Amino acid sequence: MRTLLLKPGRDAATRRRHPWLFSGSVAGESGEGTDGLVEARSAGGEFLARGFASPRSPIVARWWTFADEPVDAALVTRRVADAAALREAFVPPETDGYRVVNAEGDFLPGLVVDRYAGLLAVQATTEGTERARPLWLDALGTRFPGASIVQKNDLASRAAEGLGTADELLAGEALPARARFHERGLSFVADLGSGQKTGFFLDQRENRDLVRRHAAGRRVLNLFSYSGAFGVAALAGGASAVTHVDSSEAALELARENHRLNGQAAASFVSADVFEDLRARVAAGETWDLIVTDPPAFAKRRGDVERACRGYKDVNRLALALLAPGGLLLACSCSGPVDADLFQKVLFAAALDAGVTARILEKRGAGPDHPVSVDCPEGEYLKAFLVSRGGVA
Ligand code: SAH
């Protein structure tokens with residue numbers, strides 16, 4: 001096995017079990033091996049960790065274990081079994097769409113596995129994770145016998161490491177474009193072929209349930225609607241009407257399909273830029289009872305944070321201005337670099353500018369099928385604040 005020798009004083013993160021090794025910490029390497037497996041040793045020669053290398057990434061290795069044990073099929077089978085057991089305890093009834101493996105959050109670096117009923121959609125985000133494929137594929141086949149397995153490769157991180165970006169069929173008959181599944185008894189279709197993530201925003205499941213529980217009798221505006229899933233949940237909860245706004249026709253078509261699957265007719269679909277659409281609604285003096293703002297990640301990197309916050313402020317300021325007193329706003333951000341404290345400041349500035357009072361009722365994130373390891377807080381990204389609008393300030 002190849003060994004990466006760490007620079008003196010640059011082994012603290014690995015000793016604290018952080019799974020990422022940055023290139024700047026490596027003094028040199030020794031040993032042989034073509035299977036991508038590497039281990040870390042301190043300047044004094046002490047064993048620290050073992051995992052897979054990604055030589056073309058700034059994160060040159062990700063650690064799969066900090067014990068001096070083999071990284072083999074048995075270890076990965078154990079990790080997958082642990083991950084699956086966690087879901088059995090936390091995934092709600094009548095639900096067969098959820099995240100089975102959440103990468104570092106399940107101690108399987110760079111590996112994402114989403115289940116849509118009898119289909120597993122897998123992402124291997126790094127070269128190391130790709131090299132580990134025989135291990136995780138075997139483990140998934142054992143834990144989910146008979147499942148179709150699709151590897152979704154259209155990822156910026158893969159392109160950056162020179163890995164293939166065409167989707168692959170790893171088990172099953174044919175590459176499906178869509179996958180049906182259930183969430184709390186509702187039916188949904190994930191867009192595997194050309195969709196976002198692995199085809200659906202499974203991370204918002206518990207927040208969809210929140211909307212469902214508070215939707216009765218409310219008129220709901222679902223901004224950046226994509227699959228329309230928030231609107232499907234709202235109508236299931238007794239919303240009187242739902243309007244979706246998205247700039248993508250394909251997304252609106254997916255939303256139409258999801259409403260049809262649930263026999264829901266009270267939804268309308270607006271193809272527009274949300275910022276322009278909101279300004280027009282405010283100018284027209286509209287009011288709404290429940291608004292969801294769930295834009296794409298405005299900030300992917302630290303350098304985008306300021307611009308991103310202007311976007312979040314704009315969209316939530318306009319949404320708050322549209323809410324009737326006592327109305328509810330579910331304000332979401334999936335930008336990792338915009339943390340919860342900063343997002344709260346953005347909502348404060350939005351309410352101040354809108355000239356309304358606002359109270360935070362709940363601060364939420366992704367569901368428990370998206371666990372975050374305390375060793376790797378970088379895995380946290382989703383914020384969803386439930387806000388109640390008061391009167392005019
Ligand atoms: N809320 C969705 C996920 C949102 S993904 C869900 O629960 O499934 C972000 C969506 O925003 C995408 O569908 C994208 O087409 C849309 N989008 C991005 N920028 C937009 C803009 N300026 N105006 C309208 N829609 C936009």
Side-chain angles (χ1 to χ4, degrees), residues 97-99 114 116 121 154 178-179 181 183-184 186-212 215 220-237 239 242-259 261-262 267-281 290-300 304 307-308 310-319 322 329-336 338 364-367 369-370 381-386:
Y98 55 88
R99 179 154 293 188
D114 286 341
Y116 300 111
D154 188 12
R178 302 210 153 187
F181 66 97
E183 181 178 292
R184 290 189 162 92
L186 298 172
S187 297
F188 290 103
V189 61
D191 180 6
L192 277 139
S194 53
Q196 317 223 5
K197 297 219 175 209
T198 63
F200 202 84
F201 286 79
L202 294 171
D203 53 355
Q204 290 280 25
R205 184 187 56 251
E206 299 306 315
N207 302 324
R208 280 190 283 277
D209 187 50
L210 179 76
V211 164
R212 185 175 179 172
V220 177
L221 182 61
N222 183 23
L223 303 167
F224 307 95
S225 54
Y226 186 52
S227 65
F230 275 113
V232 171
L235 285 181
V242 167
T243 294
H244 297 287
V245 184
D246 201 289
S247 54
S248 153
E249 273 301 335
L252 293 169
E253 195 41 55
L254 188 63
R256 279 191 194 92
E257 198 173 334
N258 280 320
H259 280 293
L261 281 176
N262 293 284
S268 50
F269 306 85
V270 176
S271 173
D273 173 78
V274 162
F275 294 90
E276 288 173 19
D277 178 81
L278 281 178
R279 274 187 260 280
R281 290 180 193 278
L290 199 171
I291 302 182
V292 178
T293 56
D294 184 25
F298 287 153
K300 297 222 164 71
D304 302 334
R307 193 179 43 80
R310 280 199 295 275
Y312 289 123
K313 180 182 162 190
D314 230 22
V315 76
N316 288 299
R317 171 179 61 83
L318 293 162
L322 280 176
L329 169 67
L330 184 68
C332 307
S333 162
C334 56
S335 297
V338 177
R364 304 165 63 101
D369 54 336
H370 289 64
Y381 63 97
L382 185 64
K383 277 99 15 213
F385 285 21
L386 183 67

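This is a predicted model, so every value here is computed, not measured. Just so you know, ligand 1 is whichever comes first in the structure, and atom 1 is the first atom listed for that ligand.
- Considering backbone and side-chain N/O of Asn222, none are found under 3.5 Å from N/O of ligand 1.
- Under 4.0 Å from ligand 1, the heavy atoms of Phe201 that appear belong solely to its side chain.
- Counting heavy atoms under 4.0 Å from ligand 1, residue Phe230 touches it through the side chain alone.
- Comparing Leu278, Asp246, Val245, Val315 against atom 14 (C) of ligand 1, the shortest heavy-atom distance belongs to Asp246.
- When hydrogens are left out, the protein atom nearest atom 18 (C) of ligand 1 is Pro296 CG, 3.6 Å; that is the closest non-hydrogen contact.
- The shortest N or O to N or O distance between Ser247 and ligand 1 is below 3.5 Å.
- What sits closest to atom 1 (N) of ligand 1 on the protein, heavy atoms only, is Asp294 OD2, 2.7 Å.
- Applying the ring pair (Phe, Tyr, Trp, His ring centres under 6.0 Å) test between Tyr226 and each of Phe201, Phe200, Phe269 identifies Phe201 as the sole match.
- Between Glu253 and Arg256, at least one side-chain N (NZ, or NE/NH1/NH2) sits under 4.0 Å from a carboxylate O, which counts as a salt bridge.
- Between Asp246 and the choices Leu254, Leu252, Asp273, the side-chain contact (heavy atoms from CB on, under 4.5 Å) rule is met once, by Leu252.
- Summarising the geometry, atom CG belonging to Leu223 is positioned 7.0 Å from atom CG belonging to Asp277; distances are rounded to the nearest 0.5 Å.
- The protein heavy-atom contact nearest to atom 8 (O) of ligand 1 is Ser227 OG, 3.1 Å.
- With a 4.0 Å heavy-atom cut-off, ligand 1 is reached by no atom of Ala229.
- The part of Ala272 lying near ligand 1 is the backbone, judged by heavy-atom distances below 4.0 Å.
- Checking Thr293 against Asn316 by side-chain atom types alone, a donor-acceptor pair falls below 3.5 Å.
- Phe188 CZ to Arg205 CZ: the interatomic distance, rounded to the nearest 0.5 Å, is 11.0 Å.
- For ligand 1, the atoms sitting less than 4.0 Å from at least one non-hydrogen atom of Ser248 are 15 (O), numbered in the order shown with element in parentheses.
- Leu278 contributes atom CG, which lies 9.0 Å from atom CG of Asp314 (distance to the nearest 0.5 angstrom).
- The protein non-hydrogen atom at the shortest distance from atom 12 (C) of ligand 1 is Gln196 NE2, 3.3 Å.
- The atoms of ligand 1 that sit less than 4.0 Å from any heavy atom of Ser225 are 2 (C), 6 (C), 8 (O).
- Scanning the protein for heavy atoms near atom 22 (N) of ligand 1, the closest one is Asp273 OD1, 2.8 Å.
- Geometrically, ligand 1 and Val274 share a nitrogen or oxygen pair separated by less than 3.5 Å.
- With values rounded to the nearest 0.5 angstrom, Leu322 atom CG is found 5.0 Å from Ile291 atom CD1.
- With respect to Glu206, the salt bridge (charged side-chain N to carboxylate O under 4.0 Å, His left out) criterion is satisfied by exactly one of Arg184, Arg212, Arg364: Arg184.
- The existence of a salt bridge linking Asp114 and Lys197 is excluded, since no basic side-chain nitrogen approaches an acidic carboxylate oxygen closer than 4.0 Å.
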